[in-house]
Structure formats: structure tokens, C-alpha cells
**Q** 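This is the structure I have questions about; it appears just below.
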Amino acid sequence: MKFNKHLLTITGALALILVLAGCGNNTSKQSSTQMAKNQTVNISTDSEISTLDTAKASDSGSLTPLYQISEGIYRLGPNSKIENALATKTQVSKDGLTYKFTLRTDDKWNNGQPVTANDFVYGWRRVVNPKTAAGYSYLFEGVKNYNAIQKNGMSPNKLGVSAPNKHTLVVHLSHPVPYFKLLLAFPTFFPQQESAVKKYGSSYGTNSAKTSYNGPFKLADWNGTSDTWTMKKNPNYWDKKDVKLDTLKFQVVKTPSTGLSLYQQNKLDVVTLSGEEVPSYKNRPEFKKFVGGSTIYLEMNQKRVKALKNVKVRQALSQIINKKSLATQVLRDGSTAPKGFVSTNFFKNPKTSADFASDAYEKSGVAYNEAKAKKLWAQGLKQVGKKKVHLSLLSDDTDQSKKTTQYLQSQFNKLPGLSITIHNVPTKSKLSRSTSGDFDLVISSWGADFADPINFLDLLTKSNPTNNGHWVNAKYDKYIAASKTTDANNRVKRYDDLVNAEKVLMKDQGVIPLYQPANAQLWRTNIRGFVWNPAGMSNGYKGLYVTK
């Protein structure tokens, strides 16, 4: 998840869920602790909500609340284990091409109307309809007729999904998708209430009053631009007896020092720390940290800037950046230098259990070598017929983003003839500009939607709408295609395809991995419970509760 249009920023509220997932096994069980009468938690986030439309949401600021107010067929438990949410039974054909889901009969929308299989059919068709311009529509690529709908004008009604009755959903795939069940825990695959979408039209999802949802919490006080909002326990939720919290109050705080001050004044219960603050709090019981499942990287707009089409220019931009220094000396929050685009601690070799990031490691794609960078830069400029290049650098306006852009500017200034202009703008503006191609360089982020390397690597295929830098490599696309088709049912061959794709990406410097973020927070010690794992995050706050 994330967003460039889809890059998920792994900061703010999403990070909080990740941290909870990482520390859940260490918390007390409810049965051994007396719950407080007031079950309210005040949380800071550095990301505004862009939309509450599950068809269009792609950034962490939007996906995080959707995980709390909505629900789909499955949710993910620890270690990405599939758990039934709206599904009560699943049948899969021997060839892996047909899925039949029996859905629970007691699920309701926030207006009290029942959720049915037809709500999934409508929602999925709406996502794949090109007119919707859904950033995550490509996740439906394995569903029958998706490609024809996208490329050949076939009606979205021909998508391979149907509802034989109100509580049975049938899905036909065009080819086996090994991670299909994982996808079904992601908001893009959640149901959508047709009557609400049509009632509000283009205004659907633009504020809390014009949104339909079916999850453990109801959202209030979000007018589309507000930097505070509230979630309250949903009385219509089918599993409301297991929802411990009564209220969640969110506040956008973009400067960690401000958040820490509010925490110390007891006005916030959960805050994110800056690198400067971590040393003072890392040994305290309320300190939590999570690393893994996300990558911060630089996209280079090859469609807009001719020089960026040159591989040596791209390699020079990468190798002039000391990524270890960025993580350990600038950010100082536990973030680490990347091994590649796919993060570490995320996926293992099916034969050896080695980390995917280690198997796919291509040193040149993440190395720091100032002398070589300058040589590559000179060679690249000569090949494109330029002596000087001016580039704009786009990112968010958070404290951490500003530190990162300033550091990158200082590194890029070492390349003769290169000048950089920084643009730190609100997240919503950055996403809009990134999606429309209004940038030269943009700092993007991706947090895992499901635990498989394809979730990262699919982003950079030729036709993927998230490939905002327009990097194209036929060999890369061939490996990705093989992992989805000829090798889809062979775990070892599929894994090798994905490793080879990552190596191609790094050798050609399609993107520049900058760092693997760590999220350091303070959680009041009287907040207990558990949440789901970082690749799922479904109903992340459902199991939390406050003790006396």
C-alpha cells in the first residue's frame, strides 16, 4: 500500500498498526487485566485522509481508516495467516481457477441494510471499470476477463465474479494466483453498497457522512479536509462483542516534537518519534518499534525528463547517495539502508528459507560510490548531449520527508552540472502530482498489502498505473509474466522469476531504493491487546483495550 497514486506511506497511522502487529505477542491478555471504563484511545498520524472510497483509496492515510471501518471476505492474522471475516466457507477447484465463498448472513452496512454477495460483485466491477480510474485495479489482473476489460473495451459486467444467491460469491480466475486469498483481505476487494455509491455520485467517500461501510468502527467528524476525526464502535458490526474499544480519536501531527508534547500533556496516547527523540525513549516500557514490509524509494520521471532515460544518469543519481548515512545519521530512528526494492524480513526462499532481499541483492543498485557516480554522470550527460541538468524533487511536507529531501539535495549537488529544487507539499498534493506526472524526481513509499514479493515488483511493470516514473524493461516484464503464468504453480521457479526480476530492476536502476523505514512510537502502557500482521492490518484496532 501507499501512494504515489498508490504508494503507501509507511508512516503515520499505518505505521502504528505495523508496530502493534510487531509487539502484539508481548502484551497482556484481556482476561488477566481489568479493563478501564473509558475505552478511548487518542492517536496521532502524519497522513490526512484522501478518500474513503475503497475503489479509489491507495495511500496509507486512506487505507488505514478503511481497515477499521470496512471488512471483506478475509482478514489476516499473525504471519499473514488467512482468517475468515465475511466468509464462513471457501471451496477452491483443483485447478485453482474457481473460488466459491459462502458468506455470513448477519453482516450489515452502517445504515443497517444487509451486506450481500451482490455488493462484492458491484464493487469489483466498479474497481475494474476504467472510468473509475482505480489505482489498485491491477490487483484484479488474475480475475477472468480483467485484461479484456482494461485493454479491449469489454464490459465490466463480464468480470469473472458472480452471485448465485445473496450469500454465495463465485470467482473465476484466468490463471492460478498463488496469493489470491491474501488479496481478499485488502480494501480494494471489499464490498461496496451500490445504492450509496449512486446516491452520492462523485461525492461518495469525500466525507464521513457520504460513505458506506461494514467494519468494527463508524467514522465521524471528517469533512474531507479536516485533520481530526473520530471512530466509534459500530453497533451493526457482526462481531461487535469482540471489539474492545469504544472510541478512537485521530489527530494529524506532522512534527514529532509537537506530538511528543501532546503525549506528555496526556492529550495523545500514541505518537511517532523522530530520530532525535528515539535515544531518550528507546529503553522505556512504552517504546515500540517495527521494521520490515516497506520501502522508501525515488522514482525518476523518464517520460518528462530525457536525461533520466539514460541508465548511466540513473545509476549516477543512485550511487551518489550514501543510503546508510541517510538512515543512521539523518533519520536516526532505526531505519536501515536497503538491499533492494523488496524489503528485508518479508518473504523467504521456499527451498532454503533465505530472505528474498538477500537472494535478490544486486550491490550496484544500492551502493554508495561517489567517484564512480561522478564518472557515470559525465558519461551519461555526454550520451544525452547535455552539460547541465536541473531537476525538481517532490515529497511530502512531513518533518521526516523534509529531512530526506534536504539530504538528497546535498548529495546530488556533488554531481557537476546538477541543480535541484525541492518541493515539499501536503501528501494529497504529492499523490496528485505524482499520479499526473508533475514531477522530475519523487520520493515514494510502499508498504506491503500482502506477503509476497509480487506486491512490490508488480508496481514497476510497463502497464502498472503505479509506475509513475515510466520505467520500462522487457526482460523485467517477462520474468513477472512468467511468475504469474507458466511458473505460477511451481513455487521454486516462481521464486526464481521474482529474484531475477529484482536483479534486472536494480541493474537497470529503474528506481532508487533510499531506505527501509523503522517506525518508532510511544504507546501508553495501559493500552493492551493485539492486532493483525503488517501485511494485512485488517481491523487493526479491534482487539485493543485500555486497562486501569
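The first residue of the sequence shown is numbered 1, and numbering continues consecutively from there.
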**Q** Are side-chain heavy atoms of Leu308 and Leu317 found at a separation under 4.5 Å?
**A**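 Yes - at least one pair of side-chain heavy atoms lies under 4.5 Å apart.
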
**Q** Between Asp355 and Lys348, does any side-chain N to carboxylate O distance fall below 4.0 Å?
**A**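 So Asp355 does not pair with Lys348 through a salt bridge.
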
**Q** Measuring from Thr90:OG1 to Leu103:CG, what's the distance to the nearest 0.5 Å?
**A**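 Answer for the OG1-CG pair, Thr90 versus Leu103, is 9.0 Å.
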
**Q** Answer with yes or no whether the side chains of Ser395 and Lys430 bring together a donor and an acceptor at under 3.5 Å.
**A**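 Their side chains do not contain a donor-acceptor pair, so the 3.5 Å distance test is not met.
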
**Q** Got a salt bridge between Arg304 and Asp438, using NZ or NE/NH1/NH2 to carboxylate O under 4.0 Å?
**A**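 Yes.
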
**Q** Does the side chain of Ser434 pick up a donor-acceptor pair with the side chain of Asn468 at under 3.5 Å?
**A**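 A donor-acceptor contact under 3.5 Å links the two side chains.
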
**Q** Answer yes or no: is there a side-chain heavy-atom contact under 4.5 Å between Phe120 and Ile73?
**A**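 Of all side-chain heavy-atom pairs linking Ile73 with Phe120, at least one is under 4.5 Å.
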
**Q** May I ask you to say whether Lys478 pairs ionically with Asp497, meaning some side-chain N is under 4.0 Å from a carboxylate O?
**A**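 No, Lys478 and Asp497 are not salt-bridged.
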
**Q** Kindly indicate, with the supporting measurements, whether the criterion salt bridge (charged side-chain N to carboxylate O under 4.0 Å, His left out) is fulfilled by Asp508 and Arg314.
**A** CA-CA 8 Å; Asp508 198 47; Arg314 299 196 300 272; 3.2 Å; yes

**Q** Less than 6.0 angstrom separating the ring centers of Phe140 and Trp124, yes or no?
**A**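 Under 6.0 Å, so yes.
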
**Q** For a 4.5 angstrom cut-off between non-hydrogen side-chain atoms, does Leu408 reach Leu514?
**A**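 With C-beta onward as the side chain, the pair touches.
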
**Q** Do Val425 and Asp397 make a side-chain contact, defined as non-hydrogen atoms from C-beta onward lying under 4.5 Å apart?
**A**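 Answer no - side chains too far apart.
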
**Q** Nearest 0.5 Å please: distance from the OG1 atom of Thr211 over to the CG atom of Asn110.
**A**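 Going from OG1 on Thr211 over to CG on Asn110, the span is 8.0 Å.
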
**Q** Under the criterion side-chain contact (heavy atoms from CB on, under 4.5 Å), I'd like the reasoning laid out for Glu502 against Glu362: C-alpha separation, chi angles, the key distance, then a yes or no.
**A** CA-CA 8 Å; Glu502 168 97 348; Glu362 189 63 44; over 6 Å; no

**Q** Would you please indicate yes or no on a ring centroid separation below 6.0 angstrom for Tyr237 and Phe217?
**A**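 Judged by ring-centre distance (under 6.0 Å), Phe217 and Tyr237 do not meet the cut-off.
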
**Q** Any salt bridge linking Asp59 with Lys428? Criterion: basic side-chain nitrogen under 4.0 Å from a carboxylate oxygen.
**A**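 No.
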
**Q** Step through it carefully: locate the ring centre of Phe346, locate the ring centre of Phe456, and say whether they are under 6.0 Å apart.
**A**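 When the ring centroids of Phe346 and Phe456 are compared, they turn out to be within the sub-6.0 Å range.
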
**Q** Looking at Lys108 and Val115, what are the two nearest heavy atoms and their distance?
**A**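 Lys108 and Val115 have their closest heavy atoms at C-CG2, 3.7 Å.
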
**Q** Report the C-alpha separation of Gln400 and Leu331 in whole Å, then their side-chain angles, then the decisive distance to 0.1 Å, and conclude whether the side-chain contact (heavy atoms from CB on, under 4.5 Å) test is met.
**A** CA-CA 7 Å; Gln400 187 174 48; Leu331 300 177; 3.6 Å; yes

**Q** Run the salt-bridge test on Asp239 and Lys542 with the 4.0 Å N-O cut-off and return the result as yes or no.
**A**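 Counted as a salt bridge, because a side-chain N and a carboxylate O are separated by less than 4.0 Å.
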
**Q** Roughly how far, to the nearest 0.5 Å, is the NE2 atom of His167 from the OG1 atom of Thr116?
**A**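 These two atoms lie 7.5 Å from each other.
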
**Q** Within a strict 4.5 Å, meaning less than it, do heavy atoms of the Glu141 and Ser174 side chains meet?
**A**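 Answer no - side chains too far apart.
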
**Q** Looking at the rings of Phe186 and Tyr136, which for Trp means the six-membered one, are their centres under 6.0 Å apart?
**A**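 They qualify: ring centres under 6.0 Å apart.
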
**Q** Should Arg494 and Asp452 count as an ion pair when the cut-off is N to O under 4.0 Å?
**A**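 The answer is yes: the pair qualifies as a salt bridge.
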
**Q** Working to the nearest 0.5 angstrom, can you tell me the gap between Asn473 CG and Thr461 OG1?
**A**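 Here the interatomic distance stands at 11.5 Å.
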
**Q** Shortest non-hydrogen contact from Leu184 to Phe101?
**A**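 Heavy atoms of Leu184 and Phe101 come nearest at CD1-CZ, 3.4 Å.
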
**Q** Measure across Ala117 and Leu169 and return the closest heavy-atom pair with its distance rounded to 0.1 Å.
**A**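 Scanning both residues, the minimum pair turns out to be O-CD1, 3.8 Å.
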
**Q** With distance as the sole criterion, is a donor-acceptor pair present between the side chains of Asp440 and Ser392 under 3.5 Å?
**A**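 There is such a pair between these side chains.
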
**Q** Let me see the working for Lys100 and Thr168 under side-chain contact (heavy atoms from CB on, under 4.5 Å), right down to the final yes or no.
**A** CA-CA 7 Å; Lys100 182 179 179 181; Thr168 302; 3.8 Å; yes

**Q** Does Lys254 come within less than 4.0 Å of Glu48, counting only side-chain N to carboxylate O?
**A**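 The answer is yes: the pair qualifies as a salt bridge.
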
**Q** Just checking, is any N or O donor in the side chain of Asn214 or Trp238 under 3.5 Å from an acceptor N or O on the other one?
**A**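 On atom types as modelled, these side chains do not qualify, holding no pair under 3.5 Å.
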
**Q** Please report the shortest heavy-atom distance between Ser47 and Thr45, naming the atom on each side.
**A**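 For Ser47 versus Thr45, the nearest heavy atoms are N-OG1, 3.2 Å.
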
**Q** Roughly how far, to the nearest 0.5 Å, is the CG atom of Asn467 from the CG atom of Leu459?
**A**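 The CG atom of Asn467 is 8.5 Å from CG of Leu459, to the nearest 0.5 Å.
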
**Q** Does the ring center of Phe180 lie less than 6.0 Å from the ring center of Tyr99?
**A**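 Ring centres of Tyr99 and Phe180 closer than 6.0 Å.
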
**Q** Hey, would you say the Tyr476 and Trp471 ring centroids sit under 6.0 Å apart?
**A**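 Yes, the ring centres sit under 6.0 Å apart.
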
**Q** Within a strict 4.5 Å, meaning less than it, do heavy atoms of the Arg433 and Leu394 side chains meet?
**A**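 Arg433 vs Leu394: side chains touch.
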
**Q** We want to know whether Tyr138 and Ser463 form a side-chain donor-acceptor pair, criterion being a heavy-atom distance below 3.5 angstrom.
**A**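 The answer is no; no qualifying pair exists.
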
**Q** Would you call Ser401 and Ile443 a side-chain contact if the rule is heavy atoms closer than 4.5 Å?
**A**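 Counting from C-beta outward, Ser401 and Ile443 never come under 4.5 Å.
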
**Q** Taking it one step at a time, do Phe356 and Tyr495 satisfy ring pair (Phe, Tyr, Trp, His ring centres under 6.0 Å)?
**A** CA-CA 9 Å; Phe356 177 90; Tyr495 181 85; 5.6 Å; yes

**Q** Taking atom types as modelled, find out whether Gln516 and Thr344 have a side-chain donor-acceptor pair closer than 3.5 angstrom.
**A**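 Side-chain D/A pair, Gln516 to Thr344: present.
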
**Q** Work out which heavy atom in Lys309 is nearest to a heavy atom in Gln302; give both atom names and the distance.
**A**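 For Lys309 and Gln302, the tightest heavy-atom pair comes out as CE-O, 3.0 Å.
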
**Q** Would you check, one step at a time, whether the test side-chain contact (heavy atoms from CB on, under 4.5 Å) holds for Leu52 with Tyr213?
**A** CA-CA 9 Å; Leu52 291 175; Tyr213 44 84; over 6 Å; no

**Q** Between Glu194 and Asp119, which heavy-atom pair has the shortest distance, and what is it?
**A**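 Looking at all heavy atoms of both residues, the closest pair is N-OD1, 4.4 Å.
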
**Q** Is there a side-chain contact between Gln150 and Ser137 in this structure, where contact means two heavy atoms from C-beta onward sitting under 4.5 Å apart?
**A**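 SC-SC contact between Gln150 and Ser137 confirmed.
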
